[in-house]
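Every value quoted in this text rests on a predicted model; they were computed, and no experiment measured them. Note that the numbering runs from 1 along the sequence shown for the chain.
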Amino acid sequence: MLVRADFALPRGPRGERSRRGWGKRQWTWAVLAVVAFVLVIQAAAMYYGLRGPVHGLVSDFVGRPVTGEVKVAALALALMCMPARLRLPFVGVVAGVEVLFNGERLLAGSPLHFGNGVMWGLLALTVYAGTRLTGSERAAALKAAGVAAILIAANAVSAVWLGLTMQALPDVADHFVEVADRALGSPSWVMGRLVHEHGWYLWLITKVYTYLPVGAAVVAYFQLRRSSTEGFPRHHIVKSFILIGAIGPVVYFLFPVVGPAYAFGNEVAGAGWMNVWPHVVPTSLEPVSAYFSQQAPRNCMPSLHTAWATAILVHALRGPRLLKLFGVVWWVCTISATLGLGAHYGVDLVAGLVFALTLEAAMIRPEDGWHPRRIVTVVGGTVAFAAILLAIRYLSVPMAQGGHLAAVALLGVVGVMVVAYARIARPPSLDDAATAPPVGQQALAA
């Protein structure tokens with residue numbers, strides 16, 4: 001008889017049924033790690049006299065909430081992951097709290113904001129699940145609240161993290177990055193001119209760039225819509241987003257860059273070294289690290305928008321045809337926005353692509369384990385990422401003068417990473433599925 005390939009996996013199709021004990025400990029450690037990280041960033045923010053993530057989270061509950069698109073994504077994630085019978089009461093709590101807070105704002109003549117209801121709804125869901133629910137329903141409700149809360153907390157931390165980069169890193173390396181970027185033809189200048197000549201495209205990519213968490217929520221819907229009954233898959237886009245957001249910002253402190261619209265444009269009035277972006281490419285071949293205004297975060301290297309958009313793409317390509325199309329369009333618009341809005345240089349995007357594919361290679365198909373191909377890909381991606389950063393810093397002039405050689409090397413690294421990742425992500429062949437043990441033997445093994 002024919003046997004489905006996923007029956008050959010000892011952990012089951014969704015990857016949770018035979019590891020309940022570890023799954024519970026994993027979620028506990030994840031929550032504790034997030035809490036500890038938030039407190040560490042809070043302490044660092046207080047040291048520099050900044051509002052920390054704890055202040056931001058408190059404001060989300062009782063003050064003016066920030067970043068409404070993240071709250072929308074968190075609301076969507078919670079709804080798709082919680083038990084179906086809790087969705088209507090949860091929406092009722094969220095809507096009721098939103099009406100109360102915004103009613104008070106209307107009376108006071110203040111602008112309306114969305115987000116307080118989501119925070120109180122998640123708190124109510126957590127309390128209700130912990131006190132009134134049992135078994136799998138309780139676990140599903142707590143995970144729904146947890147995954148949404150982690151997304152909100154990560155966003156609060158990231159906002160403070162960017163503030164810390166401005167306080168701790170007065171000098172930036174944009175001169176080096178701009179010179180190295182000439183190897184690729186200075187794509188930010190090219191795309192900047194293009195999008196500013198087509199207003200409709202500028203409007204579109206700006207919306208996509210702003211609502212990146214909503215794009216991730218669309219993909220998450222297809223991956224997690226059955227999680228309340230079948231359990232979470234072992235690899236999903238929320239995990240990718242959190243891991244990219246946890247590791248990527250560390251590099252901001254190793255390689256501070258503000259972006260062409262800031263350093264070579266007029267994004268911050270009067271702060272740019274020269275006001276030439278996107279019309280005139282600089283010609284100097286003497287790059288130096290130099291002071292830049294503390295009004296711009298050092299968040300260019302690598303481009304995490306590119307990394308997150310790449311995660312959306314690779315996860316979308318595992319879904320139905322319509323989701324594949326969505327992932328491709330979202331990725332193209334995000335790449336256009338990172339360059340066309342002057343937020344990043346081309347080499348930032350190359351680094352972001354290698355960074356994202358390296359992390360995805362480490363996480364995709366966890367049921368296959370750490371086989372030699374995965375180890376080689378992850379180690380090779382890590383080395384390639386470090387080599388790109390070192391080359392930009394110490395070989396920027398040779399890269400700019402090397403003609404097409406440097407461009408071929410940079411794009412070749414991305415191509416190799418794409419092929420290596422695809423080989424790891426490829427599902428088992430039919431021959432592998434045909435050699436799987438009979439279902440009865442699998443049941444005994446489980």
State, yes or no, whether a side-chain contact exists between [X] and [Y] at a heavy-atom distance under 4.5 Å.
| X | Y | result |
| --- | --- | --- |
| His344 | Leu349 | yes |
| Ser186 | Val190 | no |
| Val350 | Leu184 | yes |
| Asp60 | Trp120 | no |
| Leu212 | Ile312 | yes |
| Leu151 | Val147 | no |
| Val97 | Val118 | no |
| Phe61 | Leu123 | yes |

Between atom [atom1] of [X] and atom [atom2] of [Y], what is the distance when rounded to the nearest 0.5 Å?
| X | Y | atom1 | atom2 | value |
| --- | --- | --- | --- | --- |
| Ile150 | Asn155 | CD1 | CG | 13.5 Å |
| Ile237 | Gln223 | CD1 | CD | 6.0 Å |
| Phe90 | Leu122 | CZ | CG | 4.5 Å |
| Leu125 | Leu142 | CG | CG | 7.5 Å |
| Cys300 | Asp348 | SG | CG | 5.0 Å |
| Met82 | Leu77 | CE | CG | 10.5 Å |

Can you confirm if the aromatic rings of His175 and Phe264 lie within a centre distance of less than 6.0 Å? yes
For Arg85, what residues pass the salt bridge (Lys or Arg N to Asp or Glu O under 4.0 Å) criterion, not counting sequence neighbours? Glu137
Those residues at least two apart in sequence (or on a different chain) that pass salt bridge (Lys or Arg N to Asp or Glu O under 4.0 Å) with Asp174 are none
Taking the inter-plane angle between the rings of Trp189 and Tyr345 on a 0 to 90° scale, is it parallel (under 30°), tilted (30 to 60°) or perpendicular (over 60°)? tilted
Please assess Val258 against Val268 for the test side chain to side chain contact (heavy atoms under 4.5 Å, CB included), listing each intermediate value before the final yes or no. CA-CA 11 Å; Val258 295; Val268 175; over 6 Å; no
Taking all non-hydrogen atoms of both residues into account, name the closest pair between [X] and [Y] and its distance.
| X | Y | answer |
| --- | --- | --- |
| Leu202 | Val195 | CB-O, 3.6 Å |
| Ser240 | Glu360 | OG-OE2, 2.6 Å |
| Leu162 | Pro297 | CB-CB, 3.7 Å |
| Gly248 | Leu304 | CA-CD2, 3.8 Å |
| Arg138 | Ala129 | CG-O, 3.3 Å |
| Ser188 | Pro260 | OG-CG, 3.3 Å |

Could you please spell out the steps behind the side chain to side chain contact (heavy atoms under 4.5 Å, CB included) verdict for Val160 and Arg51? CA-CA 7 Å; Val160 178; Arg51 280 173 53 88; over 6 Å; no
With distance as the sole test, does [X] use its side chain to make a donor-acceptor pair with the main-chain N or O of [Y] at under 3.5 Å?
| X | Y | value |
| --- | --- | --- |
| Arg374 | Ala361 | yes |
| Lys239 | Arg234 | yes |
| Gln42 | Val54 | yes |

Applying ring pair (Phe, Tyr, Trp, His ring centres under 6.0 Å), can you list everything that pairs with [X], at least two apart in sequence or on another chain?
| X | value |
| --- | --- |
| His196 | Trp277 |
| Tyr128 | none |
| Tyr201 | none |
| Tyr209 | His305 |

Start with the C-alpha distance between Phe114 and Leu75, add both sets of side-chain angles, then the distance that settles side chain to side chain contact (heavy atoms under 4.5 Å, CB included), and finish with yes or no. CA-CA 11 Å; Phe114 173 79; Leu75 176 63; 4.1 Å; yes
Cation over ring face, Arg298 and Tyr252, 6.0 Å, 45°: no
Can you list every salt bridge (Lys or Arg N to Asp or Glu O under 4.0 Å) pair that touches residues 176-185, not counting sequence neighbours? Glu178-Arg182
Could you go through residues 377-390 and list every donor-acceptor pair under 3.5 Å that involves a side-chain atom there, pairing it with any protein atom two or more places apart or in another chain?
residue	atom	partner	partner atom	Å
Thr377	OG1	Arg373	O	2.9
Thr382	OG1	Val378	O	2.8

Just jot down the side-chain hydrogen bond (donor to acceptor under 3.5 Å, both in side chains) partners of Asn102, sequence neighbours excluded, or say none. Glu98, Arg105
With sequence neighbours excluded, tell me which residues meet side-chain hydrogen bond (donor to acceptor under 3.5 Å, both in side chains) with His113. Arg64
What side-chain donor-acceptor pairs closer than 3.5 Å can you find for residues 404-411, not counting sequence neighbours?
none

Tell me if the NZ atom of Lys207 is crowded by more than 12 foreign heavy atoms within 6.0 Å. no
Kindly state each residue pair satisfying ring pair (Phe, Tyr, Trp, His ring centres under 6.0 Å) with at least one member in residues 307-342, sequence neighbours excluded. His235-His315, Phe241-Trp308, Phe326-Trp330
Are Thr306 and Thr334 close enough, and set up right, to give a side chain to side chain contact (heavy atoms under 4.5 Å, CB included), and what steps lead you there? CA-CA 7 Å; Thr306 298; Thr334 302; 5.5 Å; no
Among Val251, Leu243, Val250, find the residue that satisfies the side-chain contact (heavy atoms from CB on, under 4.5 Å) test when tested with Ile247. Leu243
